[in-house]
Amino acid sequence: MSQETLLATPAPPGIEPLIQADSETDLFSLLRARRGWTDEYLAEIDNPEHDTLLDMDKMLAALKRIHDSQELLVVVPDFDMDGITSGVLGYAGFSELGFNVTLHIPDYRRGHDVTTADIAEVHSQYPHAKAIITCDGGVNSLEGIALARNLGLTTLVTDHHVELAPGCNADVTVDPARIDETYSNPGICGAHVLYQVIEAWAQQYAPHQLGSVGMLKLFAGIGTVSDVMPILFENRQLVRDSLSLARLLYTAPPAYEGAEVDINTSTLMTLLRTGGHNPVFVGAFEGFAIAMKEFSAIGKLRTVEDINEGFYGFYLAPAFNAARRIEGSMSDCFGVFVSPTAEEKTACMQRVIEGNNLRRELTVEHLEKIETDDQPLAPFVYFSDAPAGMLGLIANQLMQKTGQPTVVLHRTKADGKAYSGSARSPFWFPVIRTMTAQGFTAIGHENACGVRVSDYDEALAFHSAMALAAEQIMEDLQASGSLADATAPDLRFGAGDDCDAGLSDLEAIATMTERIEQLTPFGHGFTRPEFELVLDLAQCHIGTLGSESQHLKIITRHGLKCLWWNAADRFMDLKEQAESPVAEDRTIRLRVEFSMNNFRGNVSVQAVVDRVAEEV
């Protein structure tokens, strides 16, 4: 089976089920059969071997000359979380390998390309620099790269975005999505590309430092999850290694209140402090340990078990991405890892968290404003005066509410400039492929991209074309049954006729859950299983929990605890539903994920509620 096939179809069709389960004790086997998780499939997606990126030899030769001459090399990264981790990885890695290297802090107001303004800034700040190496960007930055070359800089590009014709004009380009590249898994992040460059350089010229270089997988794994790369093939082991390193940097809170957390007592910081490493290299890991300390302080990391791919994707990346969304400072985001002292790193991280809190508040405010404003092109196209960096977040929120592909455009525009904005869409609507085929501009990832229209008339045309295409695609999916198959839970539990198993055998559910955890990490391309509970609320205990009674807890008659975070506003409605004299009205269908809870040594299975199934 080719990697292309696996990437396109996480559960390949046409394979024989392992078994046909006919009892609750066969739950994991039934799940595997439903998902198409044969032994062959699981082994293939877990294979970490990969090709050598095109022109890697040229990249290594150029870097060897720069290293030996001690010419100043400037790392030029992008500004999202993949860009931040790429920049930190490059600065730390090249420093550890003995390069004369520095780091350029990007300006998100210039966009994702390496612009002529970026190059002019690099030249002004580092007039003695002789080379630049980009990360997570640059492959299509023709004007910026041309200026760098005209200034006499050796231009090295590492990127993972699709190269457009006529092709990159840098001295050397390494990119799995190059026009002429044959790399079998182009779905690797920018930080991973740069990691492969640094690892290959160490293998060839400094094999004694491969152990140190391997620690940089911490940052490449964060970039992989934060940039929503498929968790398949080489990405799987990379993320596992990253999480293992993160756990070695974790320091548990002290047993008594008021005591300080000393990150230097963590296993990895102890080794780094005594290992004779470059201070920039050590500082990068110190910064991540401080980041985890600050997340622990606000209750987002309670134990080492909380350090998983979900922590990267739902807490870490959004916090660092918030700066550009609220028009804040990228210096804080990079400063967490490169500031000279632990105190300065801590202050930067605290400002990153404060910025993320502000981002949440502003998102709510701008959503409320959109909902009260006149929006003549809703539900597909909206206008907002929110900061440009927030338009994607707002589009995602609106898309979740309407279930339709959604574009949010900036309300105003400068004279002579186009309206720009962000699009988000459900899995079934490929924005770029659908809209560019009709002559519109949409650039980025297929279901999360940037959009540009020249004027209101083109915005109206975009709306009409998107609405018509969405209606047609939805009709086709419904007619074929594909939509129902794609949105169905992996297994249903309860007493309904359509349920796969009951809820009486909690031990069987716990066994299935434990075996699911052995298949981590989950993410894009290899998603965590989702289940549906069919509950008679009259047979459940419904209560609240939390310091402000903000969460719901539903306990089934068999003792399964269902936790529904920040859903206490549903409490009275559920109690009223439970008291209905009509049995059918007392039934609720909940989409959940199962997890194992360890409370004071007592391990039990619990369900974490995502939503009511009817709200899909």
Side-chain angles (χ1 to χ4, degrees), residues 55 58-59 62-63 66 71-80 82-84 86-88 90-91 94 100-175 177-179 190 193-194 197 323-324 327-331 333-334 387-389 410 413-422 441-444 449-452 454:
D55 282 349
K58 294 179 182 178
M59 179 68 74
L63 287 169
I66 293 167
E71 294 176 359
L72 179 59
L73 173 68
V74 183
V75 177
V76 181
D78 194 16
F79 51 77
D80 63 4
D82 187 18
I84 294 167
S86 297
V88 171
Y91 185 35
F94 287 124
N100 179 19
V101 62
T102 191
L103 175 68
H104 173 252
I105 306 299
D107 185 340
Y108 53 80
R109 291 169 296 185
R110 296 173 185 151
H112 289 282
D113 281 334
V114 178
T115 67
T116 54
D118 291 317
I119 297 301
E121 188 172 81
V122 168
H123 187 61
S124 174
Q125 291 177 342
Y126 309 109
H128 302 296
K130 297 296 183 182
I132 62 169
I133 184 165
T134 73
C135 37
D136 191 32
V139 72
N140 297 311
S141 304
L142 302 184
E143 293 181 0
I145 296 300
L147 176 59
R149 297 187 70 174
N150 288 339
L151 291 171
L153 295 169
T154 299
T155 54
L156 309 177
V157 166
T158 69
D159 200 348
H160 73 127
H161 295 97
V162 174
E163 182 184 31
L164 304 176
C168 187
N169 54 340
D171 291 298
V172 186
T173 301
V174 172
D175 182 339
R178 268 176 55 169
I179 293 171
V193 174
L194 184 56
V197 169
R324 61 189 171 95
E327 300 181 349
S329 171
M330 292 307 301
S331 296
C333 297
F334 284 91
H410 211 274
K413 65 170 183 171
D415 290 343
K417 292 188 177 179
Y419 288 98
S420 61
S422 293
T441 301
I443 301 172
C449 62
V451 169
R452 187 168 63 250
S454 58

Close side-chain approach of [X] to [Y], heavy-atom, < 4.5 Å:
| X | Y | answer |
| --- | --- | --- |
| Leu194 | Ile133 | yes |
| Thr102 | Leu72 | yes |
| Thr115 | Asp107 | no |
| Cys135 | Thr158 | yes |

Heavy-atom neighbours of Glu143 CD exceed 12 at 6.0 Å: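 No, not enclosed.
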
Check against salt bridge (Lys or Arg N to Asp or Glu O under 4.0 Å), Lys58 and Asp55: CA-CA 5 Å; Lys58 294 179 182 178; Asp55 282 349; 3.7 Å; yes

Donor-acceptor contact below 3.5 Å, side chain Asp82 vs main chain Gly190: yes

Pairs meeting criterion ring-ring contact (aromatic ring centres under 6.0 Å, His included) with involvement of residues 102-127, two or more places apart: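 Residue pairs with at least one partner in residues 102-127: Phe79-His112.
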
Results of side-chain contact (heavy atoms from CB on, under 4.5 Å) for Leu164 - residues two or more places apart only: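 With neighbours one apart ignored, the set is Asn140, Val162.
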
Ala170: partners by side-chain contact (heavy atoms from CB on, under 4.5 Å), with sequence neighbours left out: Ile145, Thr155, Val157, Cys168, Thr173

So, using salt bridge (Lys or Arg N to Asp or Glu O under 4.0 Å) as the criterion, who are the partners of [X] when residues are at least two apart?
| X | answer |
| --- | --- |
| Arg149 | Asp171 |
| Glu121 | Arg110 |
| Arg324 | none |

